[in-house]
Structures are given as structure tokens and as C-alpha cells.
Amino acid sequence: MNYDRVLIRYGEMSTKGRNRSKFTNKMKTNIKRLLKDDRIGVEAQRDRMFLYLNGASFDDVREKLVHVSGIQSFSPVMKTTQNIDEIKEAALALVQRTMNGNPASFKVNTRRADKQFPLDTHELNHEIGGHVLRETKELKVDVRNPDFILTVEVRAEGVYLSSQTIPGAGGMPAGAAGKAVLLLSGGLDSPVAGYMMMKRGVEIEAVHFFSPPYTSDRAKQKVIDLANVLTTYGGNVRLHIVPFTKIQETIHKQVPENYTMTSTRRIMMRIADRIREQTGALAIVTGESLGQVASQTMESMAAINDVTNTPVLRPLIAADKLEIMDIARKIGTHDISILPFEDCCTIFTPAAPKTKPKTEKVQFFESFLDFDPLIEEAIGSTETIVLPNIESEMDELL
């Protein structure tokens with residue numbers, strides 16, 4: 001017995017009104033892009049979505065669907081006609097597959113959407129449950145705490161049966177809530193921030209600052225791999241790799257040491273804002289967590305924000321490091337982030353960075369430098385990579 005379709009439940013998307021189709025169409029597009037299997041058909045209905053497997057493996061589909069933002073839960077489904085004998089045999093096959101030879105308890109949960117069906121829900125539960133019990137050893141009924149629930153949904157076009165409900169990622173489909181620029185370093189925090197924004201429906205334009213020869217090609221590939229992981233949550237990611245060496249060297253030579261970190265973050269923010277304008281994004285996203293490091297104090301963030309009027313979103317602002325690490329493990333970025341390849345945020349780090357920088361002081365220090373030509377040069381030399389349309393090269397580099 002093979003599953004022939006997958007039922008997808010929307011969850012939070014079900015609260016949307018007239019514009020619900022915008023969200024469902026975006027999720028449909030994201031799913032088709034991730035599955036990359038021409039055999040699979042996708043049908044988006046008002047309150048659910050169906051994938052028609054047409055011979056594709058449900059196990060392969062499952063591994064990808066669990067990551068897709070916007071899916072509350074999903075179930076592999078068998079469809080039958082309204083013939084009661086056919087329904088009972090399909091139910092038996094589903095239960096036997098779910099038990100896999102092990103003792104188990106179950107209950108039948110029937111929903112009769114087609115009120116013209118001759119049996120009511122109680123009668124259907126009795127007919128189907130009784131047949132399954134008679135034909136299956138080491139199975140018992142437990143209506144309060146069953147090992148699994150056999151779901152039967154009767155509709156006019158047929159009867160849908162399932163014995164699994166698999167949790168999805170929840171949230172909104174990536175790309176349904178606008179676009180933002182993510183400052184993506186090679187650390188733990190920024191990929192998690194990107195994931196959390198994608199889960200709220202945001203399309204990501206990632207910006208990485210690359211400073212060779214102080215940072216290596218392996219550090220660059222590490223960031224590409226992190227961005228590739230983010231694409232598994234439903235949306236494409238364009239990664240903009242900005243050459244930052246000249247700017248960092250200039251700051252290091254001209255700005256007092258304890259203010260170099262603040263000035264560096266300010267220039268990064270200015271460049272990110274320019275890329276935001278070019279790409280039509282509406283906000284900037286960072287992985288900052290309040291008080292985690294010197295650049296993430298309230299005073300530091302105020303001084304850094306001074307260079308832009310664009311909304312700066314900080315989804316990790318109240319999270320501690322252990323919480324961030326747990327999410328990184330869950331989404332698959334942790335092991336990449338901890339690889340020992342330096343990024344530009346760790347080079348030229350002052351011994352005693354200013355934790356409470358004054359905005360007027362950093363403005364004064366920067367007034368002796370003309371950063372505009374350097375910023376223009378960096379933006380003009382930026383490399384843009386569209387993911388996931390490239391293969392990861394990390395294994396080869398290692």
C-alpha cells in the first residue's frame with residue numbers, strides 16, 4: 001500500500017481573509033521549488049493543500065516538507081470512493097503500516113463533511129474500527145491516549161484516510177510578507193535570525209562582508225553553505241558578498257581603537273542600506289542579542305542605527321546564547337557556524353572596545369574620512385549568488 005497524496009494544513013494562514021490566496025499561492029510556489037519533482041502535482045484549496053505524489057516517495061517528500069514555513073502539519077493520505085468496503089480495507093492497510101508489527105492502541109476520528117453519506121460519524125467509527133480490530137492482532141482501542149489516530153474524512157468527491165499527523169514549521173510562507181536584507185556573518189546568531197524572519201514570511205537578501213586576505217575562501221564558502229541551509233525553509237536567498245578589506249583597513253588606521261568596532265558596524269549598515277534600496281527590501285535584519293557582546297549594548301546599537309532611517313529588525317534581541325544554539329541545531333546551521341573559519345567581524349577586534357559609545361564622538365572621528373568612494377567601490381564590486389542554484393563546495397574545501 002502506497003500513499004497517493006499528502007494533505008497539508010495551513011494553521012496560522014487560515015486566519016487570513018480575502019488575501020489568503022496570496023499566502024497559499026506563495027507556499028505552493030515554495031513547495032514546488034523545494035521538491036523539484038515533475039511527477040508531483042500541487043493543488044491549493046481554501047482551507048488545505050494537496051500534493052499528488054504520482055509515484056514519488058512520501059519519505060523523500062516528508063524530509064523536505066517539515067522545513068517549509070507556513071505548514072502547520074501534514075499527513076500522508078489514501079483516497080477511496082465512498083464504498084464502505086473500500087474504506088475499511090484502506091483503513092486496515094493504513095493501520096498495519098503504522099503498527100509495523102508492533103503492539104499499539106488507536107482510535108478512529110471521523111469527519112463527515114458530506115452530509116449525504118448514509119452513515120453518521122458514530123456509525124462510521126464503529127464500522128471502520130470494528131473491522132480493523134477483527135483483522136489485526138495486538139491492537140486495542142484507546143479513545144483517551146491512543147498511540148495513533150486513524151483519521152477518516154468523508155467528502156463528496158471521496159474519502160480521505162490517514163494515520164499520521166506530522167508537525168510542520170508553522171508561521172507564514174517565506175516571501176509572503178515582503179523582503180529584508182540580512183547581515184549574514186559566519187557565526188551562530190545571524191543564520192538563526194534569518195530563519196526566524198523567513199518563518200514570518202520574509203524573503204531574504206543576505207549581505208556578507210568579506211575581507212581577504214584576512215578572511216579565507218573557506219570562510220566565504222561557510223557563509224554560502226549557511227545561506228543554502230536557509231533556502232530549505234521555503235524561499236530563494238540571494239547572497240551579496242561585499243569586499244570589505246579597504247574599508248576595514250582605513251577604519252583601523254584612522255579611528256581610535258576603542259571606536260573601530262562601532263565605526264565598522266556603521267559602515268556595514270550603510271552598505272546594507274544601499275543594497276536594500278537596490279533590491280527593493282523594506283528592512284534590515286541582524287542577529288544581535290542585547291548585551292551579548294560590546295557592539296550589542298543599547299548604546300552601541302543606538303550609535304550604529306544613527307546612519308539609517310530604515311527599520312532594523314532584531315528577532316534575537318531577547319534570546320540568550322543557549323537558546324540561539326538550540327535553534328541553530330534544530331535548523332541545521334550549528335555545525336557549519338562553529339567551523340573555525342574567521343569572518344570580518346573577528347578580525348581587527350580591539351582589545352577594549354567601547355561598550356557605551358557616544359554617537360557624536362564616532363561621527364566626529366568619521367568626519368575626517370571620506371568613506372563614500374570606498375562604499376561605492378565596495379558596492380560596485382559586490383558578488384551576488386542566487387541560492388540554492390549552486391552546489392556546496394565545503395566538502396571539497398575541507
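Between the side chains of Ser163 and Arg97, no donor-acceptor pair is found at a separation under 3.5 Å. For Thr81 and Glu86, the side-chain atoms include at least one donor-acceptor pair closer than 3.5 Å. Side chains of Asp217 and Gln221: no donor on one and acceptor on the other come within 3.5 Å. A donor-acceptor contact under 3.5 angstrom links the side chains of Ser211 and Gln248, judged on distance only. Judged purely by distance below 3.5 Å, without hydrogens or angles, the side chains of Asn109 and Thr151 never pair a donor atom with an acceptor atom. A side-chain donor from one of His240 and Thr384 sits under 3.5 Å from a side-chain acceptor of the other.
Residues Asp120 and Arg112 share a closest heavy-atom pair of CA-NE, 3.7 Å. Of all non-hydrogen atoms in Ser295 and Ile304, the two that sit nearest each other are O-CD1, 3.9 Å. For the residue pair Ala303 and Thr359, the shortest heavy atom distance occurs at CA-OG1, 3.4 Å. In plain terms, the two heavy atoms of Lys88 and His131 that are nearest each other are O-CD2, 3.4 Å. Here the closest heavy-atom approach between residue Leu184 and residue His208 is recorded as O-ND1, 2.9 Å. Of all heavy-atom pairs between Pro167 and Val66, the closest is O-CG1, 4.2 Å.
Using a 4.5 Å heavy-atom threshold, the side chains of Phe148 and Gln164 count as separate. In this structure the side chain of Arg62 reaches within 4.5 angstrom of the side chain of Ile166, judged on heavy atoms. Side-chain atoms of Arg238 and Thr279, non-hydrogen and from C-beta on, do get closer than 4.5 Å to each other. Between Val181 and Val285, the closest side-chain pair of non-hydrogen atoms is not below 4.5 Å. No side-chain heavy atom of Lys64 sits under 4.5 Å from any side-chain heavy atom of Thr232. Counting heavy atoms from C-beta on, the side chains of Lys26 and Asn30 come closer than 4.5 Å. Contact annotation: the side chain of Val152 never approaches that of Arg111 to less than 4.5 Å [non-hydrogen atoms, C-beta and beyond]. The closest side-chain heavy-atom distance from Met197 to Leu182 is not below 4.5 Å.
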| request: Mind running side-chain contact (heavy atoms from CB on, under 4.5 Å) on Val68 and Leu34 for me, showing each step along the way? | output: CA-CA 9 Å; Val68 178; Leu34 279 174; 3.5 Å; yes
| task | Under the side-chain hydrogen bond (donor to acceptor under 3.5 Å, both in side chains) rule, what do Thr310 and Asp273 come out as? Steps first, then yes or no, please. | result | CA-CA 7 Å; Thr310 297; Asp273 207 17; 2.7 Å; yes
| field | Step-by-step side-chain contact (heavy atoms from CB on, under 4.5 Å) determination, Val159 to Asp114 | value | CA-CA 10 Å; Val159 179; Asp114 179 12; over 6 Å; no
| query | Run the side-chain contact (heavy atoms from CB on, under 4.5 Å) check on Phe371 and Glu376 step by step: do they pass? | reply | CA-CA 9 Å; Phe371 282 107; Glu376 292 297 330; over 6 Å; no
| said: Test side-chain contact (heavy atoms from CB on, under 4.5 Å) on Arg314 and Met301; report intermediate values, then the result. | reply: CA-CA 11 Å; Arg314 296 177 169 94; Met301 286 188 283; 3.2 Å; yes
| message | Could you walk me through whether Arg270 and Glu366 satisfy the salt bridge (Lys or Arg N to Asp or Glu O under 4.0 Å) test, starting with their C-alpha distance in whole Å, then the side-chain angles of each, then the deciding distance to 0.1 Å, before giving a yes or no? | response | CA-CA 13 Å; Arg270 288 176 61 182; Glu366 290 175 0; 5.2 Å; no
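The backbone N or O of Ser300 sits less than 3.5 Å from a side-chain atom of Thr297, completing a donor-acceptor pair. Of the possible polar contacts, one joining the Gln296 side chain to the Ser289 backbone as a donor-acceptor pair under 3.5 Å is found. In this structure, the side chain of Tyr3 does not engage the main chain of Val77 through any donor-acceptor pair within 3.5 Å. Proximity of a side-chain donor or acceptor of Asn54 to a complementary backbone N or O of Arg39 within less than 3.5 Å is detected. Panel note: side chain Lys79, backbone Arg5; no donor-acceptor pair is recorded below 3.5 Å. Looking only at distances, no side-chain donor or acceptor of Ser73 sits under 3.5 Å from a matching main-chain atom of Thr165. Judged purely by atom type and a 3.5 angstrom limit, Thr382 has no side-chain atom pairing as donor or acceptor with the backbone of Val242. A donor-acceptor distance shorter than 3.5 angstrom exists from the side chain of Thr231 to the backbone of Asn228, with no hydrogens or angles considered. A side-chain donor-acceptor contact under 3.5 Å links Thr260 to the backbone of Glu257. A donor-acceptor contact shorter than 3.5 Å links the side chain of Gln82 to the backbone of Arg155.
Taking the ring centroids of Phe364 and Tyr259, they lie at or beyond the 6.0 Å cut-off.
If you chain together hydrophobic residues whose side chains sit under 4.5 Å apart, Phe74 and Leu7 never meet in one group. Residues Ile267 and Phe368 are members of one and the same hydrophobic cluster, defined by side-chain heavy-atom contacts under 4.5 angstrom among Ile, Leu, Val, Met, Phe, Trp and Tyr. No chain of hydrophobic side-chain contacts below 4.5 Å, direct or via other Ile, Leu, Val, Met, Phe, Trp or Tyr residues, connects Met78 to Tyr160. Cluster annotation: Tyr52 and Ile40 are assigned to distinct hydrophobic clusters (Ile/Leu/Val/Met/Phe/Trp/Tyr, side-chain heavy-atom contacts under 4.5 Å, transitive). Linking ILVMFWY side-chain heavy atoms closer than 4.5 Å, directly or via other members, places Val132 and Val143 in a single hydrophobic cluster.
Heavy atoms of other residues, nucleotides or ligands lying less than 6.0 angstrom from NZ of Lys137 number 12 at most. Counting heavy-atom neighbours within 6.0 Å of Lys321 NZ, excluding the residue itself, gives a total above 12. The environment of CG in Asp370 is crowded: more than 12 heavy-atom neighbours from other residues, nucleotides or ligands sit within 6.0 Å. For Gln116, the CD atom is loosely surrounded, since the number of other residues' heavy atoms within 6.0 Å does not exceed 12.
We find the CG-CG distance between Leu53 and Asp37 to be 9.0 Å, quoted to the nearest 0.5 Å. If you take CD on Glu299 and OG1 on Thr262, they are separated by 10.5 Å, rounding to the nearest 0.5 Å. Annotation: the span from Met172 atom CE to Ile71 atom CD1 amounts to 14.0 Å, rounded to 0.5 Å. One distance of note links CG of Leu282 with CD of Glu277; it measures 12.0 Å at 0.5 Å rounding. Rounding to the nearest 0.5 angstrom, the gap separating the CG atom in Leu339 from the CG atom in Asp225 is 8.5 Å. Taken to the nearest 0.5 Å, the CG atom of Asp189 stands 10.0 Å off from the OG1 atom of Thr333.
We find that Lys28 and Glu43 are not joined by a salt bridge, their nearest charged nitrogen and carboxylate oxygen being 4.0 Å or further apart. Taking the charged nitrogens against the carboxylate oxygens, Lys32 and Asp38 have no contact shorter than 4.0 Å, which rules out a salt bridge. A salt bridge links Arg266 with Asp306: at least one charged nitrogen is closer than 4.0 Å to a carboxylate oxygen. Of the charged side-chain nitrogens involved, none lies within less than 4.0 Å of a carboxylate oxygen, so that Glu205 and Arg276 do not count as a salt-bridged pair. Salt bridge present: Asp326 and Arg329 bring a charged side-chain N and a carboxylate O closer than 4.0 Å.
Both the sub-6.0 Å distance and the 45° axial angle are satisfied by Lys220 relative to the ring of Phe210.
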